[in-house]
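For reference, the structure is listed below as structure tokens.
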Amino acid sequence: MPKLSLRDLPAWCGLAAKRRNLPASQALRSMFAVDPGRGERLTAEACGLYFDFSKQLLDDETLRLLVELAEQVNLRRRIEGMFRGERINTTEDRAVLHVALRSAPGDTFAVDGHDVTGDVQEVLGRMSGFAERVRDGRWIGHSGQRIRTVVNIGIGGSDLGPVMAYEALRHFATDDIEFRFVSNVDGTDFSEAAAGLDAGTTLFIVSSKTFTTQETMTNARSAREWLLAACGGDTAAVARHFVAVSTNGKEVSAFGIDPANMFGFWDWVGGRYSMDSSIGLSTMLAIGPERFREMLGGFRAMDRHFLTASLERNLPAIHGLITVWNTSLCGCETMAVLPYEQYLKRFPAYLQQLSMESNGKRVQLDGTLVECPTGPVVWGEPGTNGQHSFYQLIHQGTHRIPCDFLGAVHSLNPLGRHQAMLLANMLAQAEALAFGKSAEEVAAEGTPARLVPHREFPGDIPSSTILYDRLTPAILGALVAFYEHSVFTQGVVWNINSFDQWGVELGKVLAGKILPELESATSPELRHDSSTNALIRRIRSTRNLT
Ligand code: F6P
């Protein structure tokens with residue numbers, strides 16, 4: 001039987017018709033005008049998140065068709081398959097079971113018939129013991145001093161999750177320890193992170209799933225040399241100042257880190273889905289084991305909601321389906337994530353990897369080309385700062401950019417009118433984007449005719465608002481799981497593998513080839529294109545190499 005194309009699915013055809021019939025302008029104005037209950041009805045709530053999607057360019061019928069689409073691509077069965085530990089990462093033949101990382105005692109998550117929840121709890125227990133000892137000063141450095149600075153060395157998922165979570169939960173972090181993060185192979189990153197540090201009170205966490213990533217291993221070696229230089233070359237210091245987070249025990253030992261100081265995880269955890277595994281060790285050191293478990297509780301609550309709630313009320317599923325609607329049917333190539341929450345300043349960068357490394361794919365599971373645009377470009381900055389830079393383009397530019405606004409009702413740092421002003425700005429932006437300001441309205445204000453087009457706002461820029469009470473560890477967990485499962489939902493509809501990342505390989509291989517050409521003492525034979533060859537020659541000659 002020939003494979004059924006996405007475009008042939010009845011729900012897809014219905015959605016395409018809905019898209020064709022969308023009014024060219026003022027669609028949201030009329031949708032709100034004819035339907036006073038819309039702003040309360042097109043919302044959903046779970047796990048402390050209130051999700052308002054009423055300012056999206058859709059109506060109840062669009063929503064019904066999106067849910068039907070989810071049913072026609074068997075989303076429910078695919079969710080269950082992930083939770084059952086099926087090898088849904090087909091190109092790497094792996095299960096995808098980050099949901100097991102936040103399992104509660106009594107849960108069962110099996111990979112190849114082995115219940116992994118005991119392994120997860122065992123590592124969590126070891127992490128907790130270690131974190132307590134570092135936090136209360138029982139863990140001492142080589143010269144007998146307690147740890148005052150933790151430096152996480154990692155990149156991609158081994159950096160973005162830890163940094164994002166540290167920044168997000170800083171309010172709950174200990175003041176006794178400073179946290180720094182090194183990711184870039186640019187020596188400046190390590191040098192600046194190490195500047196002013198006392199090696200005797202510094203602990204490095206080398207975070208790398210594979211323990212072979214070039215950037216991380218180079219930074220880790222420089223850190224080791226830096227430590228040894230500071231303690232007279234005594235290699236015994238390494239065991240007191242280095243711990244590793246990895247799935248690769250062999251490479252960890254080869255690096256010289258005591259396996260007793262290694263915190264493991266498993267190949268069924270993707271790098272960008274690992275911030276709640278031992279990759280979160282820096283997070284646990286910062287906020288303590290109890291708060292870390294609260295964060296896991298938030299993840300778990302959203303997991304259960306995703307697994308059990310009807311698709312009509314399912315927050316991540318709805319968000320994922322709306323992203324498909326915007327990206328694949330309405331032609332929106334990017335989406336902005338705009339946290340009105342300073343603590344979430346690294347959240348857009350975190351979501352970039354989560355979404356773009358997962359769904360930046362152009363072939364389906366069977367290797368054939370996808371049938372519509374897939375993963376959107378994700379970007380963003382915290383409000384209100386963005387309002388004074390790029391919002392101009394969102395309001396009046398030529399791209400239609402769906403936005404996610406995120407905000408807390410209560411600040412963790414109440415200060416005069418700040419929070420009310422912050423929230424007023426968030427709500428105002430969503431309102432302005434949705435409804436704009438027509439030429440007639442601008443003219444009615446007495447604006448000279450020649451300025452009217454410049455001061456008109458077209459509106460119909462779709463947005464969702466995600467509101468929560470306060471940014472607690474549990475809320476952060478729920479928020480991250482919400483986006484993880486939204487990304488999963490999108491991938492299921494697009495029929496792509498959201499869990500591999502072959503696209504990062506080619507550049508790595510070519511860099512491996514170019515490195516010796518840049519460093520060689522004798523003039524290398526260059527076989528690249530003329531541009532790459534000329535750039536290599538220029539760099540070599542500027543560095544006084546022949
Ligand atoms: O190169 C991409 C990538 O593999 C990401 O998927 C991953 O998060 C990152 O590199 C770091 O990998 P590792 O944790 O193995 O060092």
Side-chain angles (χ1 to χ4, degrees), residues 88-98 101 123 127 151-166 181-186 189-190 204-224 242-255 257 262-283 346-361 375 378 480 483-484 487-488 491 496-515:
I88 60 172
N89 178 354
T90 48
T91 58
E92 295 178 312
D93 192 24
R94 286 179 186 161
V96 174
L97 215 46
H98 43 275
L101 297 170
V123 173
M127 286 168 66
V151 182
N152 186 76
I153 299 178
I155 198 163
S158 302
D159 167 69
L160 289 163
V163 186
M164 182 279 287
Y166 172 68
F181 298 85
V182 177
S183 53
N184 198 333
V185 77
D186 183 341
D189 204 9
F190 178 77
F204 291 100
I205 305 175
V206 185
S207 297
S208 175
K209 179 176 169 182
T210 55
F211 229 72
T212 56
T213 303
Q214 193 199 43
E215 292 91 335
T216 300
M217 298 328 296
T218 305
N219 278 320
R221 278 190 289 272
S222 295
R224 196 171 182 275
F242 273 81
V243 297
V245 175
S246 187
T247 57
N248 190 344
K250 207 164 132 230
E251 289 294 333
V252 169
S253 304
F255 181 86
I257 295 178
M262 169 179 152
F263 300 89
F265 60 115
W266 307 272
D267 75 354
W268 41 263
V269 183
R272 53 194 175 273
Y273 297 89
S274 67
M275 61 165 276
D276 47 348
S277 70
S278 49
I279 288 289
L281 185 60
S282 57
T283 315
R346 295 304 304 274
F347 197 60
Y350 173 78
L351 284 188
Q352 270 175 342
Q353 187 198 13
L354 178 65
S355 172
M356 292 164 75
E357 206 173 65
S358 296
N359 286 342
K361 309 287 163 64
V378 176
V480 173
Y483 278 101
E484 284 178 349
V487 164
F488 177 84
I496 57 182
N497 183 357
S498 301
F499 301 104
D500 61 11
Q501 56 283 318
W502 300 104
V504 300
E505 294 303 323
L506 180 59
K508 286 188 197 172
V509 172
L510 293 179
K513 217 164 139 195
I514 292 172
L515 179 61

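Below, all heavy atoms of this structure are taken into account, side chains as well, without hydrogens, waters or symmetry copies. Counting starts at 1 for both ligands and their atoms, in listed order.
- Below 4.0 Å from some heavy atom of G156 lie the following atoms of ligand 1, by number and element: 8 (O).
- Judged purely by distance below 3.5 Å, without hydrogens or angles, the side chains of S207 and N152 pair a donor atom with an acceptor atom.
- Ring geometry for F255 against F211 counts as perpendicular: the plane angle is over 60°, on a 0 to 90° scale with 30° as the lower cut.
- At least one protein heavy atom sits closer than 4.0 Å to atom 1 (O) of ligand 1.
- At least one heavy atom of Q353 sits under 4.0 Å from some atom of ligand 1.
- More than 12 heavy-atom neighbours from other residues, nucleotides or ligands sit within 6.0 angstrom of CZ on R224.
- Looking only at heavy atoms of the protein, atom 3 (C) of ligand 1 is closest to E357 OE2, 4.2 Å.
- Side chain of N219 to backbone of N184: a donor-acceptor contact under 3.5 angstrom is found.
- Put simply, the side chain of L97 does not reach to within 4.5 Å of the side chain of Y273, judged on heavy atoms.
- Using a 4.0 angstrom heavy-atom cutoff, K508 counts as in contact with ligand 1.
- The CD1 atom of I279 lies 11.5 Å from the CG atom of L160; values are rounded to the nearest 0.5 Å.
- For atom 8 (O) of ligand 1, the closest heavy atom belonging to the protein is G157 N, 2.7 Å.
- Here Y350 and Y483 keep their ring centres 6.0 angstrom or further from each other.
- Closest heavy-atom approach to atom 12 (O) of ligand 1 within the set D159, T213, V245, V504: this belongs to T213.
- In this structure, the protein non-hydrogen atom closest to atom 9 (C) of ligand 1 is I155 O, 3.6 Å.
- For ligand 1, one of its N or O atoms has an N or O atom of S158 under 3.5 Å away.
- Scanning the protein for heavy atoms near atom 15 (O) of ligand 1, the closest one is T210 OG1, 2.6 Å.
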